[in-house]
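The structure appears below as structure tokens.
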Amino acid sequence: MAEAASSRDPYAGARYLPIADHGLIGDLHTVALVGTNGTIDWYCCPSFDAPSVFAALLDADRGGSFALSATVPARTKQFYFPDTNVLITRFYAEDGVGEVQDFMPVGGTAEETARHRLIRRVLCARGTMAFRVRVAPRFEYGAASHRVRMFPNGALFESADRSLALHSTVGLEHDDADVWAEFKLSEGESAVFALDQSASEAPIRGCAHAEAEAEFAATVAYWRGWLRQSRYRGRWREMVHRSALTLKLLTYAPTGAIVAAATTSLPEQIGGERNWDYRYVWMRDAAFCVYAMLKLGFNTEAEAFMGFLNTCSRPNDSRTLGPLQNMYGIDGRTELTETVLPHLEGHLGSAPVRIGNAAVDQLQLDIYGALIDSIYLYDKWAQPISSDQWDDVCTLVEWVCDNWDQPDEGIWETRGSQQKFLYSRLMCWVAIERAMRLANHRGLPADYVKWSGCRDTIYRRIMNHGWSEQRQAFVQHEGSDVLDASVLMMPLSKFIAPTDPKWLSTLGALTEDLVSDSLVYRYDPKSSPDGLRGSEGTFSICSFWYVEALTRAGRIDEAQLAFEKMLTYANHLGLYAEEIGQTGEQQGNFPQAFTHLSLISAAVNLDQALGY
């Protein structure tokens with residue numbers, strides 16, 4: 001359970017659970033967040049980016065939820081069934097101990113997969129336990145009305161565009177919108193609730209006790225079978241494998257897409273406007289995920305993402321924005337229009353709530369480096385890329401050679417003015433350098449003269465214009481003295497030696513200005529206005545990059561301490577949001593792929609330095 005709230009805790013007396021007080025379940029098409037109180041307060045069906053069915057996380061009154069808890073005061077604890085994404089929420093009361101097993105079956109026939117079944121299996125482990133359940137869906141982000149039709153074994157929730165069928169092994173009461181029940185279990189007894197996507201004319205499919213037990217066993221077997229592929233044998237096995245399981249949950253199986261996070265509009269600052277929809281595929285995030293998966297031996301996921309790339313080409317090649325967008329829908333679609341939902345109040349009143357993302361129309365040059373690096377590693381560690389894929393790489397590299405010097409919005413997607421960001425140029429260098437490595441390794445045709453000349457020009461540009469004599473550090477963009485944590489990628493990408501005097505001086509400056517007890521701010525919004533009001537927390541991917549930079553610089557003791565400190569900021573299940581606030585709270589969308597993939601990379605490299 002979460003600790004008691006202090007007088008300054010924004011959650012004190014609030015109708016919302018803290019972001020960190022949640023676990024994640026899913027079926028490789030969509031996910032649900034389950035609170036430590038037993039409530040599902042975030043669920044989109046049938047896919048990650050579909051309109052929500054339960055969104056109490058964004059509006060406690062209008063969002064909808066699936067509440068399931070003890071009827072008497074009880075302590076709660078959550079954990080994952082070992083080596084799986086099956087979530088257990090336990091209730092400890094005076095008269096007994098009960099638990100809710102939450103999971104979504106994975107795979108099966110096409111018909112079974114289309115149901116997107118969510119199973120909540122309730123058991124009494126000791127003594128007796130009374131429970132209450134209330135299922136209150138609110139379709140289309142709480143904007144669409146629906147009706148309830150009752151059946152002998154459950155209820156059907158029907159809206160204009162979607163229907164959900166609830167099977168229950170206990171009797172239900174209802175009104176026009178919700179169903180509910182109270183029931184008591186003795187030791188060894190159980191109850192089952194199964195929520196399925198359904199056609200209005202289809203009968204409610206049952207989920208008897210035996211079927212629920214079989215589905216539980218099959219889901220456990222799936223996740224354990226998947227995790228057995230991991231090659232990781234280091235000292236942080238539990239955290240690394242939890243991160244891998246989380247990244248897998250953020251994968252959309254039909255296309256191989258990997259979403260940046262499971263949620264939309266969770267605030268980077270309570271009450272602030274930095275609320276974005278992350279349920280899409282950022283090319284950089286997904287490419288970094290491929291690196292993490294390959295490191296652990298999950299080649300199938302990397303291959304699936306390579307397949308997704310085939311769907312991602314701009315129909316009308318724009319010489320300004322390039323042959324690729326920086327993000328796509330999970331099905332490869334290019335239109336992600338950003339819209340505000342004014343009827344939702346936002347998490348703890350943090351409006352606006354947004355769906356879609358206007359950053360889709362930004363120029364972010366760094367994506368080409370992340371992408372081509374992932375292709376290079378896939379060719380090196382998994383299997384050789386095809387001739388058609390190489391032709392695609394050549395097209396991308398040619399575009400980078402012709403366009404690398406444009407100002408852009410950069411990795412942090414600033415909504416202020418475009419700049420000539422160092423990180424963007426760094427990753428353009430990576431794009432060309434990795435393509436040349438791949439061509440040399442495979443003997444593939446390439447314009448070596450043009451590519452090498454452009455690569456060297458970018459290198460000199462960064463060294464001459466990205467370095468600040470005043471700060472004695474590499475800086476955020478040309479013409480500034482502002483520091484930016486994204487330059488931590490310079491030694492990680494092999495642009496500069498990790499012990500180069502200029503880099504060590506930069507690392508010292510970053511430590512002094514942007515690091516707070518091992519936690520790293522990505523930049524100072526006051527020194528570098530980004531077009532948005534308010535502040536933000538430390539950026540967790542930057543904190544893990546910092547660990548890796550220390551490791552590569554040979555400062556192993558510092559790196560290990562910083563890494564161990566970062567692990568203390570995970571939630572009770574080992575999950576991370578995007579940022580960490582002033583008092584250690586999770587901020588931003590949750591869980592965040594960026595954070596978990598960087599944890600894996602930092603752990604693997606630190607293990608190697610420690611001799612594991």
Side-chain angles (χ1 to χ4, degrees), residues 260-261 266-269 272-276 278 282 284-285 288 326 359 362 364-367 369-370 408-427 466 468 471 473-477 480-493 506-550 562 565-566 569 576-582 584-590 592-599 601-602:
L266 291 182
E268 296 173 16
Q269 178 190 30
E273 66 172 337
R274 298 169 184 265
N275 316 321
W276 314 111
Y278 280 3
W282 268 254
R284 96 173 50 81
D285 301 40
F288 285 152
N326 58 75
Q362 290 185 352
Q364 298 176 18
L365 291 167
D366 66 283
I367 66 171
D408 70 345
E409 279 84 4
I411 181 176
W412 306 133
E413 301 182 343
T414 60
R415 299 203 174 189
S417 61
Q418 291 184 329
Q419 299 289 346
K420 294 192 173 184
F421 289 104
L422 185 151
Y423 182 79
S424 296
R425 276 135 193 75
L426 169 68
M427 296 309 287
S468 168
R471 299 303 304 268
F474 291 103
V475 291
Q476 185 181 67
H477 59 79
S480 80
D481 290 316
V482 175
L483 297 181
D484 191 308
S486 65
V487 304
L488 287 164
M489 279 295 292
M490 294 179 76
L492 276 58
S493 64
T506 300
L507 187 58
L510 291 171
T511 300
E512 182 176 347
D513 278 28
L514 297 182
V515 179
S516 174
D517 190 36
S518 83
L519 300 176
V520 182
Y521 293 94
R522 53 182 177 172
Y523 56 86
D524 181 357
K526 294 180 181 178
S527 302
S528 178
D530 54 15
L532 297 165
R533 298 188 304 273
S535 61
E536 60 180 12
T538 56
F539 220 69
S540 292
I541 188 175
C542 298
S543 300
F544 285 119
W545 283 349
Y546 181 63
V547 169
E548 198 163 340
L550 290 173
K565 285 181 178 180
M566 269 301 296
Y569 288 103
Y576 290 87
E578 185 177 30
E579 300 181 9
I580 295 171
Q582 185 65 33
E585 70 277 12
Q586 303 272 0
Q587 296 179 169
N589 284 307
F590 176 88
Q592 179 86 358
F594 237 176
T595 307
H596 287 279
L597 64 89
S598 60
L599 182 156
S601 182

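Residues G410 and D366 come closest through the heavy atom pair C-OD1, 4.1 Å. Across every non-hydrogen atom of L514 and R522, the tightest pair is CD1-O, 4.0 Å. Contact record, G537 with Y521: O-CD2, 3.7 Å, taken as the closest heavy-atom pair. When all heavy atoms are compared, the tightest approach of N589 to A261 is CB-CB, 3.7 Å. Annotation for L426 and S493: closest pair CD1-OG, 3.5 Å, computed over non-hydrogen atoms. Summarising the geometry of S468 relative to V475, their closest heavy-atom pair is CB-CG1, 3.6 Å, with the distance given to 0.1 Å.
Applying the side chain to side chain contact (heavy atoms under 4.5 Å, CB included) rule to P267 yields the partners I19, I270, N275, H347, S350; only residues at least two apart in sequence or on another chain are considered. Contacts of A593 classified as side chain to side chain contact (heavy atoms under 4.5 Å, CB included), with partners at least two apart in sequence or in another chain: L247, L250, C289. With sequence neighbours excluded, the residues satisfying ring pair (Phe, Tyr, Trp, His ring centres under 6.0 Å) with F474 are W467. With sequence neighbours excluded, the residues satisfying ring pair (Phe, Tyr, Trp, His ring centres under 6.0 Å) with Y278 are W282. By the ring pair (Phe, Tyr, Trp, His ring centres under 6.0 Å) test, F590 pairs with no residue at all, sequence neighbours left out. The side chain to side chain contact (heavy atoms under 4.5 Å, CB included) check on S543 picks up L519, V520, M566, with sequence neighbours excluded.
Side chain of T595 to main chain of A577: a donor-acceptor pair is present (N/O by atom type, distance under 3.5 Å, no hydrogens or angles). Using a distance-only test at 3.5 Å, with no hydrogens or angles considered, a donor-acceptor pair links the side chain of Q586 to the main chain of Y569. With E579 contributing its side chain and G588 its backbone, the two residues share no donor-acceptor pair below 3.5 Å.
With rounding to the nearest 0.5 angstrom, the CG atom of L365 is 9.5 Å from the CD atom of E409. The structure places CG of D408 at 10.0 Å from CD1 of I367, a figure rounded to the nearest 0.5 Å. In this structure, L510 CG and R471 CZ are separated by 9.0 Å, a value rounded to the nearest 0.5 Å. Here the CG-CD1 distance, from L488 to I541, works out to 10.5 Å after rounding to the nearest 0.5 Å. Between atom OG of residue S518 and atom CG of residue L550 there is a gap of 10.0 Å, rounded to the nearest 0.5 Å. For the atom pair CD (E268) and CD (Q587), the distance works out to 8.5 Å, reported to the nearest 0.5 Å.
The shortest side-chain heavy-atom distance between F594 and E578 does not fall under the 4.5 Å cut-off. With contacts defined as side-chain heavy-atom distances shorter than 4.5 Å, the pair N326/E413 qualifies. Looking only at side-chain heavy atoms (C-beta outward), L492 and W545 come within less than 4.5 Å of each other. Side-chain contact check for L599 versus V547: every heavy-atom pair is 4.5 Å or farther apart.
A donor and an acceptor atom, one from each side chain of S486 and Y523, are nowhere located under 3.5 Å apart.
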Derivation and outcome, side-chain contact (heavy atoms from CB on, under 4.5 Å), residues W412 and F421: CA-CA 10 Å; W412 306 133; F421 289 104; over 6 Å; no
Stepwise side chain to side chain donor-acceptor pair (under 3.5 Å) check, Q592 with S540: CA-CA 9 Å; Q592 179 86 358; S540 292; over 6 Å; no
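Just one of D524, D481, D484 meets the side chain to side chain donor-acceptor pair (under 3.5 Å) condition when paired with Q476; it is D484.
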